[in-house]
2 protein chains.
Amino acid sequence: MSVSETREKLLETALTLIWQSNYSIVGVNEICKQAGVTKGAFYHHFESKASLFCEATAYYWQVIKKDLDTIFSPVNSPLVQLENLIQFLFQAKLSDDSVRGCPFFNAGAQIGTDDAKVIEALKNLSQTAITYNLALIKSLDAGGYMERSGDMEQQARLMYHFIHGVMSYAYVQPDVETIKKDLPEGLYRLLGIKQMYWYSTSPTWEAVPSVQQERA
Amino acid sequence: MSVSETREKLLETALTLIWQSNYSIVGVNEICKQAGVTKGAFYHHFESKASLFCEATAYYWQVIKKDLDTIFSPVNSPLVQLENLIQFLFQAKLSDDSVRGCPFFNAGAQIGTDDAKVIEALKNLSQTAITYNLALIKSLDAGGYMERSGDMEQQARLMYHFIHGVMSYAYVQPDVETIKKDLPEGLYRLLGIKQMYWYSTSPTWEAVPSVQQERA
DNA sequence: TAGAATACATACCGGTCGGTATGCACGTCA
DNA sequence: TGACGTGCATACCGACCGGTATGTATTCTA
C-alpha cells in the first residue's frame, strides 16, 4: 500500500465510521481496524485523532464539492437546483437503514469546546454550505421564483438551520416518508417560493450519476 | 441531605453539566463531584448513567413544562405565545457565554444507537415538543394569523426541525445577534404568518417571571 | 432494644481510551 | 556497501471510563 493509499484509506474509513456513528464514539482503534492499518501507521500520518477529523472534513468537502457543483450547475434552472439538492440530501443521508444526520452537522454537539481547531473546521464547513445556499437563493430571486426578496444571507442561514434540524431528526426518527415530505415543504416555505412553483419539478437526480457511484 | 435531595441534586447537576457539554463527555465521576455526592450514592439512586439520563429528561421536562404552559397560556393571543416562545428560547439557551444547543436536541447525535431506552426517551421528548407546537399552530390558524392552512402536524414538525437547527448552530457559532434575527424570521416564514403580523408583538417575557428564577 | 433495611462512603475493578516508544523492513543515495 | 530516512508493526503506557464489592452510620420497625 502506497503512502497516499494508506492516508486516503484512513480518511475514508474515518468518514464512514463517523458518518454511521459519531466522533466521540468512534475510536482510533476501530478506525485502524476497519481501515486495515495499524495504530503506528495512523499516528505516522496524523498527529492526533482531532487532526484526522480536521483533515477528514476537508477531504469530505472535496468529495461532495463535485456533487454540489453538479447540483448547482448553472445549466439547471434554480428550481431544478433546489429539487436536486433535496434529492441529494436523501441520497446522502437516507439511502439505507443506517439513517444518520450528517456527522459534520452533528459534530458540533459531539466535541468538547476545548478543541479549537475542530470547532474552526466545522465553522468553515457550515459557512461554505451557507455560501452555496446563498448562490441558489440569488438565482431563485433573479428568476422571479420567490414571493418577496428579503435578506438573502439570512435566508441562506435559515436553509442551513432547517436542513440541519431535519437531518438530526432523521437520526432519532428514521421515518423516511415523513422526512421526504417535510424537507421540501420546509425549504419552499423558508425560501418563500411562489406557490405556483411548488413541487413543479421532478427529481432529476439521474443527471448526477457520479454521486451514486461514489456513495456506493 | 435527605433522599430526595440527593436524587434531585444529581438530576439537576447532570442536567446542568450535560447542558453545558454533552452526554458522552460528562462522566459519572464529574457529575458526582459537582453534585457533592459520592459514586456510591449515585449508583444507589440510579442503576446506570443511561438510566440517570432517562430520568433527567423526564425531570427536565417537568421543570420546563411549567414554563411552556405559561408561554402557551390561552390568555395570551397566539401571536404573543409565539413571541414568548422565541423569547424563551433565547432565555434558555443564549443567556450567558456558555451558549449551547439544548442537550436533548443534540443528544440524539451523541448517543450510540445501542441504548434503546435513551433513544426512546429522546423520541418522547421531541414528540411532546412537537405536540406543543401543534397546539400553537392550531391557535394561529383559528385566529386567522396564517396565510394558508396546510398540514398542521407537518408544520409542527417543521417548527421543531428549524428550532433544533438554530440551536445547534448556536453551539458552534454563538452569535447571539444573528440568532436573534434568524429564529423569528424562520418561524414566521415556516408558519406562514401573515406579514402584517410580523414583529407586531413585543416581548412579554416579563409575564413569565418564574422562569428567570428557575434559570438563575 | 434487637435487627433489618436504608443511604450512603471508600476502595477498587476490568476495559478502553488516545497516544507513544521502539524496532524493523525497505528504498535511496553517497 | 553502508549510512540513513521513510513507512510502517508491535507492544505498551497512564489516564479515565462506567460500574461494583464491601463496609458503615443512621433510621425505621417489630
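In what follows, chains carry the letters A, B, and so on, assigned in the order in which the sequence lines appear, proteins first and then strands, with residues in each chain numbered from 1. Side chains included, hydrogens not; waters and symmetry mates left out as well; all remaining heavy atoms used.
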Practice task
Considering just the side-chain nitrogens and oxygens of A:Thr6, establish if one lies under 4.0 Å of OP1 or OP2 belonging to D:dG7.
Solution key: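 Checking D:dG7 against A:Thr6, no side-chain N or O comes under 4.0 Å of OP1 or OP2.
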Problem - Residues forming a side-chain hydrogen bond (donor to acceptor under 3.5 Å, both in side chains) with B:Gln34, sequence neighbours excluded - result: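 B:Gln34 satisfies side-chain hydrogen bond (donor to acceptor under 3.5 Å, both in side chains) with no other residue.
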May I have the distance from [X] (atom [atom1]) to [N] (atom [atom2]), rounded to whole angstrom?
X	N	atom1	atom2	result
A:Leu52	C:dG19	CG	P	10 Å
A:Ile31	C:dG18	CD1	C1'	11 Å
B:Lys33	C:dA9	NZ	C1'	17 Å
B:Phe42	C:dA11	CZ	P	20 Å
A:Phe46	D:dC8	CZ	P	11 Å

Practice task
Supply the atom-to-atom distance A:Leu85 CG to A:Leu89 CG, rounded to the nearest 0.5 angstrom.
Solution key: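 Reported to 0.5 Å precision, the distance equals 4.5 Å.
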Problem - Which residues share a side-chain contact (heavy atoms from CB on, under 4.5 Å) with A:Thr16, sequence neighbours left out - result: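 A:Gln20.
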Exercise for the section: Sequence neighbours left out, what passes side-chain contact (heavy atoms from CB on, under 4.5 Å) with A:Asp151? Give chain and number order. Expected result: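 With neighbours one apart ignored, the set is A:Glu153, A:Gln154.
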Practice task
Using the test ring-ring contact (aromatic ring centres under 6.0 Å, His included), find all partners of B:Phe42 that sit at least two apart in sequence or belong to another chain.
Solution key: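 Once residues adjacent in sequence are excluded, the partners of B:Phe42 under the ring-ring contact (aromatic ring centres under 6.0 Å, His included) criterion are B:Phe46.
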Between the protein and nucleotides 21-27 of chain D, list the N/O to N/O atom pairs that are separated by less than 3.5 angstrom.
none

Exercise for the section: Among the candidates D:dC8, C:dA7, C:dA9, find the nucleotide nearest to the side-chain atoms of B:His44. Expected result: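 From the listed options, C:dA7 comes nearest.
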Return a table of donor-acceptor pairs under 3.5 angstrom between the side chains of residues 129-137 of chain B and protein atoms on other chains or two or more places apart.
| from | atom 1 | to | atom 2 | distance (Å) |
| --- | --- | --- | --- | --- |
| B:Thr131 | OG1 | B:Gln127 | O | 2.9 |
| B:Tyr132 | OH | B:Asp69 | OD1 | 2.8 |
| B:Asn133 | ND2 | B:Ala156 | O | 3.3 |

Exercise for the section: Output every pair passing salt bridge (charged side-chain N to carboxylate O under 4.0 Å, His left out) with a member in residues 33-57 of chain B, not counting sequence neighbours, ordered by first then second residue. Expected result: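 As it turns out, the salt bridge (charged side-chain N to carboxylate O under 4.0 Å, His left out) pairs with a partner in residues 33-57 of chain B, which skip direct neighbours, are B:Arg7-B:Glu55, B:Glu47-B:Lys117.
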Practice task
Would you mind listing every salt bridge (charged side-chain N to carboxylate O under 4.0 Å, His left out) that reaches into residues 155-164 of chain A, with sequence neighbours excluded?
Solution key: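 Every pair satisfying salt bridge (charged side-chain N to carboxylate O under 4.0 Å, His left out) with a residue in residues 155-164 of chain A: A:Arg157-B:Asp182.
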Under 3.5 Å, N/O pairs linking protein and nucleotides 12-18 of chain D:
| from | atom 1 | to | atom 2 | distance (Å) |
| --- | --- | --- | --- | --- |
| D:dC17 | OP2 | B:Asn29 | ND2 | 3.4 |
| D:dG18 | OP1 | B:Lys49 | NZ | 3.0 |
| D:dG18 | OP2 | B:Val28 | N | 2.8 |
| D:dG18 | N7 | B:Lys39 | NZ | 3.1 |

